[in-house]
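Everything numeric in this text was worked out from a predicted model, so none of it was measured. Numbering starts at 1 and runs along the sequence shown. Read the numbers this way: they start at 1 and go in the same order the structure lists the ligands and their atoms. Note that these values count all heavy atoms, side chains included, but never hydrogens, waters or copies made by symmetry.
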Amino acid sequence: MALVTTKEMFKKAYEGGYAIGAFNVNNMETIQGIVEAAKQVNAPLILQVSAGARKYANPRYLKKLVDAAVEDSGLPICLHLDHGDSFELCKDSIDGGFTSVMIDASHESLEKNIEITKKVVAYAHDRGVVVEAEIGRLAGVEDDVNVADSDAMYTHPEEAYEFATKTGIDSLAIAIGTSHGAYKFKPGTKPKLRFDILEKVGNLLPGFPIVLHGASSVPQDKVALVNKYGGAMPDAIGVPEEMLRKAATMAVCKINIDSDLRVAFTAAVRQHFAENPSHFDPRQYLGPARTAITEMVKHKLIDVLGCAGKA
Ligand code: G3H
Ligand code: 13P
Ligand code: ZN
């Protein structure tokens, strides 16, 4: 089995009313933790690498780790570039063996976004690689670009239709109120997503896979664990899981999760050191972190995304 694209996964997910988990990876323990969860519940997977992850780990190392995951698990796994901000970055990822890329020119005008995205689509499709793009802007940190709340914009459904049809992309990320990072909604406020926008986009583009970024739920018990063992995370509010479940039954076929993995990993490391202050072998604290990733991802695959058993 080789790496796959998202074509088949998204088709089945759309028809089945569930979503595929797209998890950000930066190191071996996270990859192994995620893949172990998918193996246990027989789920398809998207492993995604951001520009920051490329800088941190070198995409060549991550590609080999993901190849090993495919070989070890036999699962359908797609290796995806998350938030590629230029044609060159997408090209480099395609040339390096990624099976899916995101070109994120959402900060540009609609015309410019279409122009850059079309160029990536042409290069990718010639090589059997699929393309995700974005329209509208999420608040929060996107690959070193900090989008202020005031600059965030909901997606206009008509623009989404124009963008998808003119560019020939394979999936589209839209902005309906989620945002990147652990602090998505102000404490004391009620999380709200614009399901009306999602519904309109779904009606205009029937059968077309929609992507939800910024979809971590930031579980309070994990934040509490981080803080119990010496952390100082402010109260965080993520996207309620029932909203993600609803989105998965609609046109959303890919749900991006990074922050939840970070919090689970960090909570496990902090707890380990608090309970074992004399330990200094990295395997002693990275092992529990890897297990915490597995538990978190299993919960997402079974209870939130609905893709357990769909590999
Ligand atoms: O969308 C952002 C992802 O969480 C990746 O974050 O740029 O810090 O690797 P990063
Ligand atoms: P979170 O920060 O909510 O995990 O979002 C991750 C993401 O959208 C990666 O592209
Ligand atoms: Zn994102």
Side-chain angles (χ1 to χ4, degrees), residues 6 19-27 30-31 33-34 45-59 61-62 78-86 89-90 93 98 100-107 131-147 149 152-153 155 171-185 191 193 209-220 222-223 233-234 236-241 243-244 247-248 252-267 293 296-297 299-301 304-305:
T6 50
I20 311 292
F23 301 99
N24 285 73
V25 297
N26 295 271
N27 59 30
T30 306
I31 293 172
I34 297 166
L45 267 185
I46 300 169
L47 296 175
Q48 54 187 15
V49 171
S50 69
R54 286 171 56 100
K55 262 188 239 155
Y56 175 76
N58 182 338
Y61 285 74
L62 294 174
C78 165
L79 178 58
H80 173 76
L81 169 70
D82 191 27
H83 293 286
D85 64 353
S86 66
L89 180 50
C90 292
S93 300
F98 282 47
S100 173
V101 292
M102 175 187 191
I103 173 69
D104 182 359
S106 58
H107 49 284
V131 179
E132 171 187 331
E134 179 171 322
I135 187 161
R137 297 190 75 187
L138 275 66
V141 178
E142 281 190 3
D143 282 342
D144 304 333
V145 180
N146 200 338
V147 183
D149 277 359
M153 295 186 317
T155 299
S171 61
L172 176 67
I174 61 171
I176 59 168
T178 62
S179 59
H180 289 105
Y183 308 101
K184 300 183 190 301
F185 301 98
L193 294 189
I210 299 301
V211 179
L212 206 56
H213 282 246
S216 278
S217 299
V218 203
Q220 282 314 297
K222 288 282 180 265
V223 174
M233 286 183 69
I237 309 181
V239 183
E241 289 184 337
M243 291 192 184
L244 299 172
V252 170
C253 293
K254 172 174 181 269
I255 292 193
N256 284 13
I257 297 170
D258 187 0
S259 299
D260 281 351
L261 304 184
R262 296 178 180 194
V263 177
F265 197 106
T266 301
I293 294 280
M296 172 65 76
V297 171
H299 162 64
K300 298 287 176 185
L301 299 173
V304 182
L305 304 159

Worksheet item: What atoms of ligand 1 come closer than 4.0 angstrom to any heavy atom of Asn24?
Response: 3 (C), 5 (C)

Discussion item. Please tell me whether Arg54 and Ser93 have a donor and an acceptor in their side chains that are separated by less than 3.5 angstrom.
Written reply: yes

Response to the item:
With heavy atoms and a 4.0 Å threshold, my read on which part of Arg262 contacts ligand 1 is side chain

Worksheet item: Looking only at heavy atoms, is any part of His213 under 4.0 Å from ligand 1, and if so is it the side chain, the backbone, or both, or is it neither?
Response: neither

Practice prompt. Identify, by atom number and element, the atoms of ligand 2 in contact range of Gly181, meaning under 4.0 Å from any of its heavy atoms.
Written response: 2 (O)

Worksheet item: Relative to atom 7 (C) of ligand 2, which among His180, Lys184, Gln48 owns the nearest non-hydrogen atom?
Response: His180

Worksheet entry | Atoms in ligand 2 with a heavy atom of Asn24 nearer than 4.0 Å | 9 (C)

Worksheet entry | Test of proximity, Ile257 against ligand 2: N or O pairs below 3.5 Å | no

Discussion item. With side-chain hydrogen bond (donor to acceptor under 3.5 Å, both in side chains) as the test, pick out the partner of His83 among His213, Gln48, Glu132.
Written reply: His213

Item to complete: Identify the protein heavy atom lying closest to atom 10 (O) of ligand 2, giving its residue, its atom name and the separation to 0.1 Å.
Response: Asp82 OD2, 2.7 Å

Worksheet item: Would you say the side chains of Asn24 and Asn256 form a donor-acceptor pair under 3.5 Å?
Response: no

Practice prompt. For Asp258, counting its heavy atoms only, list the atoms of ligand 1 lying under 4.0 Å from any of them.
Written response: 3 (C), 4 (O), 5 (C), 6 (O)

Worksheet item: In Å and rounded to the nearest 0.5 Å, what is the OH to OG distance from Tyr183 to Ser259?
Response: 9.0 Å

Discussion item. Using side-chain heavy atoms (C-beta onward) and a distance below 4.5 Å, is Val252 in contact with Val211?
Written reply: no

Item to complete: Using a strict 4.0 Å cut-off to heavy atoms of His83, name the atoms of ligand 2 that fall inside it.
Response: 10 (O)

Item to complete: Compute the minimum heavy-atom distance from Gln48 to ligand 1 and say whether it is under 4.0 Å.
Response: no

Worksheet item: Heavy atoms, side chains only, cut-off 4.5 Å: are Phe265 and Asn27 in contact?
Response: yes

Discussion item. Under 3.5 Å between any N/O of His213 and any N/O of ligand 2: does that happen in this structure?
Written reply: yes

Worksheet entry | Shortest-distance N, O or S atom of His213 relative to the Zn ion (ligand 3) | ND1

Worksheet item: From Leu81 CG over to Ser50 OG, what is the distance, rounded to the nearest 0.5 angstrom?
Response: 8.5 Å

Worksheet, complete the sentence: Taking only non-hydrogen atoms of Ser259 and a 4.0 Å limit, the atoms of ligand 2 in range are 1 (P), 2 (O), 4 (O)

Discussion item. Please report whether ligand 1 has a polar contact with His180, defined as an N or O pair separated by less than 3.5 Å (distance criterion only).
Written reply: yes

Item to complete: Report yes if the side chains of Lys184 and Ile237 come closer than 4.5 Å at any heavy-atom pair, otherwise no.
Response: no

Worksheet item: Is a side-chain donor-acceptor pair under 3.5 Å present for Glu241 with His299?
Response: yes

Practice prompt. Answer with side chain, backbone, both or neither: which part of Ser50 has a heavy atom less than 4.0 angstrom from an atom of ligand 2?
Written response: neither

Worksheet item: Hey, which atoms in ligand 1 end up nearer than 4.0 Å to a heavy atom of His83?
Response: 1 (O)

Item to complete: Determine, considering heavy atoms only, which of Gly52, Ser179, Ser50 sits nearest to atom 9 (O) of ligand 1.
Response: Ser50

Worksheet entry | Identity of the N, O or S atom of His180 lying closest to the Zn ion (ligand 3) | NE2

Practice prompt. Could you tell me whether the side chain of Asp258 reaches within less than 4.5 Å of the side chain of Phe23, counting heavy atoms only?
Written response: no

